[in-house]
Amino acid sequence: MSSGSVKVRLVSGRTLSQGRAMEKGKITQEYEDAVAICELGSKTMEALGIENGDIIVVKAALGKINVKAKLDKNLQEGMAFIPCGPYFNYLLDAYTQLTGMPGFKSLEATINAAPGAKIPTVKEITQMMKEGVK
Amino acid sequence: MTVLLSLKQVPNIPIEADSITPTAFAGKTLAQIGKLVVMQGRNSCELREFFEITGESADSVEETEIVIRGDLRKVKQIGKGMNGGRIRIEGDVGMHLGAEMIAGRITVTGSVDAYAGAEMSGGNIQIEGNAGDYLCAGYRGSPDGMKGGRVFIAGNVGNEMALHMRKGFIAVKGNVGAMAATRMKGGSIIVCGELGPRACIEATKGMLFALGKVSSLPPTFKYSGSSEREFTGYYIRYLKSRRPDFLQSDISPSEKWAKFIGDFAEAESKMEIYTRLVLNSHLAS
Amino acid sequence: MTEAGNTFKDVVCTFCGCLCDDIIIETEGEKITKNTNGCAISKERFVGHMENRCLQPTVKGSAVTLEKAIERAVEIIASSKRFLIYGLSSTENDAQREAYRLAELAGGVVDNTTSVCHGPTILGAQESGETTASLAETRHRADIVIYWGANPAAAHPRHIPHYIRQPGEYIKDPKKDRQIWLIDVRETTTARMVDRFIKINPATDLEVIETLRALIRGTKLDVVEVGGISIKDLEQIATTMKTAKYGVLFFGLGLTQSFGRHRNIDAAIRLIQDLNAYTKWGLMPMRGHYNVSGANKTSTWVTGYPYAIDFARGYPRFSPGEYTAVDMLARGEPDVLLNIAADPVAHFPRAAVAYLAKIPVINIDPKFNMTSQLAEVNIPAAIAGIECDGAATRMDGLPLYLKKVIEPPEGVIPDRDILRMIIKSLEKVMK
Amino acid sequence: MEINGVPIDDTFAEAFSMHMNRTIITAYDEDWARTTALETTGFATSVIMTPSEAGIEYILKPDETPDGRPGVRVIFATGSKDGIREQLLARLGQCVLTSPTACAYDDTPDVAETYPVGKMIAMFGDGHQVKKGPIDGRTLWLLPRMSGTFVIQESFGRTKGVAGGNIIYFCKDVESGMASGKAGVKAIEKVEGAYTPFPGGLVGSGSKPSSRYKVLHASTNERYCPTMKGIVPDTFVPKDCDFVVEIVINGLTEKAVAEATKAAILEVCKHPGVIRISAGNFGGALGKYKIHLHELGL
């Protein structure tokens with residue numbers, strides 16, 4: 001078991017299950033399951049000493065969020081992927097470079113294993129964003 | 001003669017004060033100036049609702065000086081289209097300062113938000129703090145950015161400075177963000193601090209002097225030799241005569257400059273970037 | 001409207017910008033029972049249209065009549081100084097038109113979700129124009145198709161199988177006669193569906209595109225590799241692009257949202273323009289929401305600008321970065337938000353959401369979404385293309401008619417009618 | 001009147017107006033700037049048979065030049081307006097453009113008219129020339145050349161200047177004449193606005209404006225020739241004099257020419273072997289300016 005932290009470039013984007021869950025409805029378990037995850041490569045998971053489905057904490061300049069680790073064996077080292085949604089946006093700053101578009105595709109972040117930590121529900125994360133919890 | 005505007009309190013919703021120009025003020029009494037229109041959201045308001053107005057107004061634009069005090073970050077478009085006279089801002093100020101300016105002089109003791117000096121064609125802007133994104137840029141979809149004038153920034157500048165610049169002169173004492181001088185097609189820029197990545201992408205003509213470090217240049221720029229340059233001294237001496245504080249140390253006229261030329265993605269590739277070889281030998285190969 | 005046996009053929013799917021128009025929907029009473037031909041997401045959209053539904057208007061969490069909800073919405077809008085309308089991508093063209101009317105009437109700002117998806121595409125096009133194609137042309141003619149920073153397997157599931165891996169007039173065998181490439185920073189599911197996957201380093205798209213442009217011009221460069229690809233490989237890619245008979249470049253948010261944003265698109269457009277000096281190429285954004293493309297079109301017809309429009313001065317003004325929803329919210333500018341057919345709480349950065357929570361929000365959506373949780377007024381709407389008709393624009397600009405296949409829930413009306421009600425009573429208040 | 005025991009004649013130098021241009025030539029070092037300036041002002045002594053009267057006016061320190069390099073200021077004078085344009089084109093094009101590292105900037109005061117000489121010379125750039133500015137009051141053209149980049153101002157000005165100021169003085173011998181003459185020219189270099197067009201600033205062949213030959217406009221002034229004093233009855237040459245020196249002084253203003261005349265007289269009079277100082281005139285028939293030696297404030 002390693003408990004090191006890993007620095008990653010965090011990217012967000014669409015996934016099929018995120019799309020399906022979104023169509024079903026955002027206030028559903030399916031949506032939460034689809035977007036409260038972070039895809040990692042196998043080497044990154046090894047370095048963190050975690051397995052598919054373990055809870056991790058993702059830290060960026062703006063704050064940190066607990067999500068579930070998901071293995072994507074094709075993902076290269078140094079990269080992590082969180083589907084577009086509130087869990088990624090929680091870490092995202094609002095600077096758009098005067099284009100209207102925030103930087104969804106490149107966020108510097110560090111990841112640590114967080115065994116036993118709780119993943120906030122969609123309702124809870126709305127509240128967290130509202131209150132500006134760090 | 002000076003008209004002094006003091007912001008009464010920071011507006012909750014930004015105001016658009018394009019009526020604050022020497023041209024609009026000249027020949028008016030303070031009471032008349034107080035009735036000039038500013039926009040807050042969809043509401044048309046009067047200048048005096050937001051500002052304490054004192055001092056003495058002048059008959060001509062040339063004699064008019066406007067001094068503005070307060071936290072003006074939510075005040076946009078001051079000096080927009082300005083054509084003569086002077087504006088002095090004591091503090092930070094919002095977007096579009098001096099945009100489309102034709103003539104005159106604006107000085108700011110603080111920092112400015114985005115689009116300062118956008119599409120300006122003349123005049124002089126001096127900013128002692130930082131400038132936001134799109135300094136001296138062209139507005140969206142416009143093929144022409146800055147067309148003339150002189151701009152001096154003592155702090156740092158954000159992204160896409162001088163987008164579509166055609167003519168004029170910009171000097172920055174601090175660092176410049178990403179994609180400066182994109183699609184530049186004329187004019188001259190001096191950056192005393194660090195020049196951000198992707199400078200001069202798709203630029204076809206113009207000149208940029210990087211006095212500080214340049215971490216990288218676009219791959220479509222080519223190295224074109226290192227030598228002392230006959231005219232670098234001309235620009236350095238000009239900057240020194242206007243803003244001696246911009247130069248941290250003396251730059252000898254015999255110093256060597258690495259020249260890069262591009263952007264070779266374009267049909268015309270006459271953009272020239274000059275960097276001090278002593279700081280940027282990693283680029284020259 | 002109704003067809004025999006409650007089976008509807010050639011239904012247009014209203015999930016993504018593909019607007020697949022070969023869907024067969026079967027209904028039984030008030031339920032949709034089957035979606036044939038649709039992708040997994042399409043099936044969820046149609047068959048699950050009643051899930052997680054908001055059926056009752058609410059004000060501050062209490063159920064009210066539609067009239068009461070409208071009344072409160074109008075009060076809020078009338079008392080505002082800086083009114084923001086956002087959304088519009090998951091609804092049909094008529095609703096969009098009403099939204100612009102409302103913005104003009106209230107002297108507000110109207111922005112659509114383009115600002116956080118293909119807004120940069122439009123900024124690029126405003127600088128350099130567009131060399132576009134249609135999906136049919138692509139299918140019939142393209143011997144090379146490149147996806148750049150797009151993941152259709154996840155976001156546009158039928159894009160490849162329905163439009164690209166299909167035989168066409170001049171492409172008899174879509175496997176042999178047509179090359180499909182993917183350029184991305186991540187080996188996505190799409191990578192396994194294409195003939196060639198080219199991985200580039202993150203945040204180097206602009207460099208790679210500009211290098212290709214230079215190579216296509218025949219310029220020799222100083223560099224040996226760009227974005228993790230050797231110059232030799234890039235030269236070969238450039239040659240293939242130059243010698244193609246007909247190529248189409250599809251690009252996604254990997255290009256519009258990454259470092260460079262609109263500059264990436266501007267470069268991509270110019271790459272395609274350059275290629276047209278040698279052969280025929282087109283490019284097309286992979287539009288996400290089914291009618292976000294329509295939002296741009298209708299907005300441009302009506303106001304002259306595609307998004308981020310301010311009516312504060314009575315006439316439309318355009319300034320992305322200033323009148324775009326994320327920027328306005330993050331800067332604390334609007335005092336009222338009307339959200340329609342989008343979910344900013346789910347898709348906006350935290351600071352924007354934090355501010356949004358401080359102002360009155362009017363939320364119009366068929367389902368409970370994350371924004372409903374923070375909205376003062378929630379008004380349910382019928383789902384366009386399922387519960388009401390309308391028109392939408394496909395990613396290639398083709399407008400398509402959306403069918404109504406089932407009645408909306410009791411008392412639930414289309415977006416356009418809700419907006420018309422708001423406009424009607426606001427007109428009285430404003431006068 | 002005497003200076004250091006040298007008598008100064010109560011006479012005047014007769015000067016006339018010419019069209020002039022002042023240009024700054026800079027180069028990588030002072031020596032090369034001077035070499036370039038000498039070449040550029042070469043073959044330009046007297047309008048009698050050279051196309052122009054030109055010379056070095058002033059040596060600039062690096063911080064006084066537009067590009068921070070050592071520089072030399074030169075003045076060109078011609079009789080016709082158009083002559084200025086032609087001379088600048090030829091001289092800047094052939095002597096500054098061709099001189100490694102050298103560049104040229106206009107520095108003409110009170111400009112009456114400008115000519116796009118720099119723009120035309122920049123056409124040598126064959127499409128690679130670049131126009132910059134206006135910056136610091138100048139529009140520049142940059143064109144690539146073997147030594148780097150040639151920088152030339154777009155336009156060069158013309159002004160009205162004063163030509164033909166002079167002193168003529170009588171010396172004991174060659175040594176005393178040449179030593180005092182060279183020193184006198186050096187002294188004039190320190191006067192802003194004035195220059196000496198003749199070889200090294202000295203004239204060895206003073207002329208009169210007539211000739212027995214129809215093809216010539218001027219001929220040697222035998223009254224100033226020491227070797228002729230035996231046969232020319234109205235010779236000006238004193239008995240103990242075997243060497244006569246003339247310093248012709250042109251300048252942008254009458255005041256500058258007078259300043260330079262004064263500086264030259266003061267310097268020349270320091271030297272042994274200088275017998276008497278005079279000046280050349282035609283009785284006031286030729287020029288509109290009269291520079292009286294006794295009114296120089298000596």
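Computed from a predicted model, the values in this text were never measured in an experiment. FYI, side chains are in, hydrogens and waters are out, and symmetry mates aren't considered; it's all heavy atoms of this structure. Order of the sequence lines sets the chain letters (A, B, ...), proteins ahead of strands, with each chain counted from 1.
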Exercise for the section: Under the side-chain contact (heavy atoms from CB on, under 4.5 Å) rule, what do C:Arg213 and B:Thr220 come out as? Steps first, then yes or no, please. Expected result: CA-CA 9 Å; C:Arg213 291 185 60 209; B:Thr220 43; over 6 Å; no
Sort [X] into side chain, backbone, both or neither according to what part of it lies under 4.5 angstrom from a heavy atom of chain C.
| X | answer |
| --- | --- |
| B:Ala267 | both |
| B:Phe221 | backbone |
| B:Pro143 | neither |
| B:Leu217 | neither |

Count the heavy atoms of every other residue, nucleotide or ligand shown that sit under 6.0 Å from [atom1] of [X], and state whether that count exceeds 12.
| X | atom1 | answer |
| --- | --- | --- |
| B:Glu268 | CD | yes |
| B:Arg73 | CZ | no |
| B:Lys213 | NZ | no |
| B:Lys8 | NZ | yes |

Handout entry: Note: B:Asp18-C:Arg313 ion pair, threshold 4.0 Å (strictly below)
Key =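 Salt bridge flag = yes for C:Arg313 with B:Asp18.
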Handout entry: Lys/Arg-Asp/Glu bridge criterion (N-O < 4.0 Å) met for C:Arg261, B:Glu160
Key =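 Salt bridge: no.
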Part of [X] lying under 4.5 Å from any heavy atom of chain B:
| X | result |
| --- | --- |
| C:Thr219 | side chain |
| C:Ala203 | backbone |
| C:Arg331 | both |
| C:Pro320 | both |
| C:Leu206 | both |
| C:Ala267 | both |

Handout entry: Rounded distance [0.5 Å steps], CD in C:Glu210 versus CG in B:Asp263
Key =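 Spacing of CD (C:Glu210) from CG (B:Asp263) equals 5.5 Å.
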Problem - Spatial distance of atom OG (C:Ser319) from atom NE2 (B:His96) [nearest 0.5 Å] - result: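 Those atoms lie 4.5 Å apart.
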Practice task
Answer whether the closest heavy-atom distance between the side chains of C:Glu127 and B:Leu163 falls below 4.5 Å.
Solution key: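 Yes, close enough: below the 4.5 Å cut-off.
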When heavy-atom pairs shorter than 4.5 Å are enumerated against chain B, which of [options] gives the highest number?
| options | value |
| --- | --- |
| C:Gly321, C:Gly124, C:Gly260, C:Pro334 | C:Gly260 |
| C:Val208, C:Ile216, C:Asp266 | C:Asp266 |
| C:Arg270, C:Gln126, C:Glu207 | C:Arg270 |

Problem - Closest-packed option against chain C by number of heavy-atom pairs under 4.5 Å, given B:Glu16, B:Glu202, B:Lys222 - result: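 The answer is B:Glu202.
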Problem - Candidate list C:Glu333, C:Met328, C:Glu322, test side-chain contact (heavy atoms from CB on, under 4.5 Å), partner B:Pro14, passing option - result: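 When C:Glu333, C:Met328, C:Glu322 are each tested with B:Pro14, the side-chain contact (heavy atoms from CB on, under 4.5 Å) holds only for C:Glu333.
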[Y] backbone acceptor or donor facing [X] side chain under 3.5 Å:
| X | Y | answer |
| --- | --- | --- |
| C:Arg217 | B:Ala265 | yes |
| C:Asp335 | B:Ile13 | no |
| B:Arg42 | C:Ala106 | yes |

Practice task
Verify side-chain contact (heavy atoms from CB on, under 4.5 Å) between C:Arg82 and B:Asn12, making sure each step is shown before the conclusion.
Solution key: CA-CA 10 Å; C:Arg82 194 83 175 130; B:Asn12 58 340; over 6 Å; no
Problem - Test side-chain contact (heavy atoms from CB on, under 4.5 Å) applied to B:Lys167 - qualifying residues, sequence neighbours left out - result: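 Counting only residues at least two positions away or on another chain, B:Lys167 forms a side-chain contact (heavy atoms from CB on, under 4.5 Å) with D:Pro134.
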Where [X] and [Y] come nearest, the two heavy atoms and their spacing:
| X | Y | answer |
| --- | --- | --- |
| C:Ala312 | B:Gly41 | CB-O, 3.2 Å |
| B:Tyr223 | C:Asp222 | N-OD2, 2.7 Å |
| B:Pro219 | C:Val226 | CB-CG2, 3.7 Å |

Exercise for the section: Please say whether the positively charged group of B:Arg198, taken as NZ for Lys or CZ for Arg, lies over the ring of C:Phe259, i.e. under 6.0 angstrom from the six-membered ring centre and within 45 degrees of the axis. Expected result: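 Yes, a cation-pi geometry.
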Problem - C:Tyr100: ring pair (Phe, Tyr, Trp, His ring centres under 6.0 Å) partners, not counting sequence neighbours - result: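 Checked C:Tyr100 against ring pair (Phe, Tyr, Trp, His ring centres under 6.0 Å); zero matches.
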Exercise for the section: Give the C-alpha distance, both sets of side-chain angles, the deciding distance and a yes or no for side-chain contact (heavy atoms from CB on, under 4.5 Å) between B:Arg183 and C:Ser128. Expected result: CA-CA 11 Å; B:Arg183 298 190 79 168; C:Ser128 295; 3.0 Å; yes
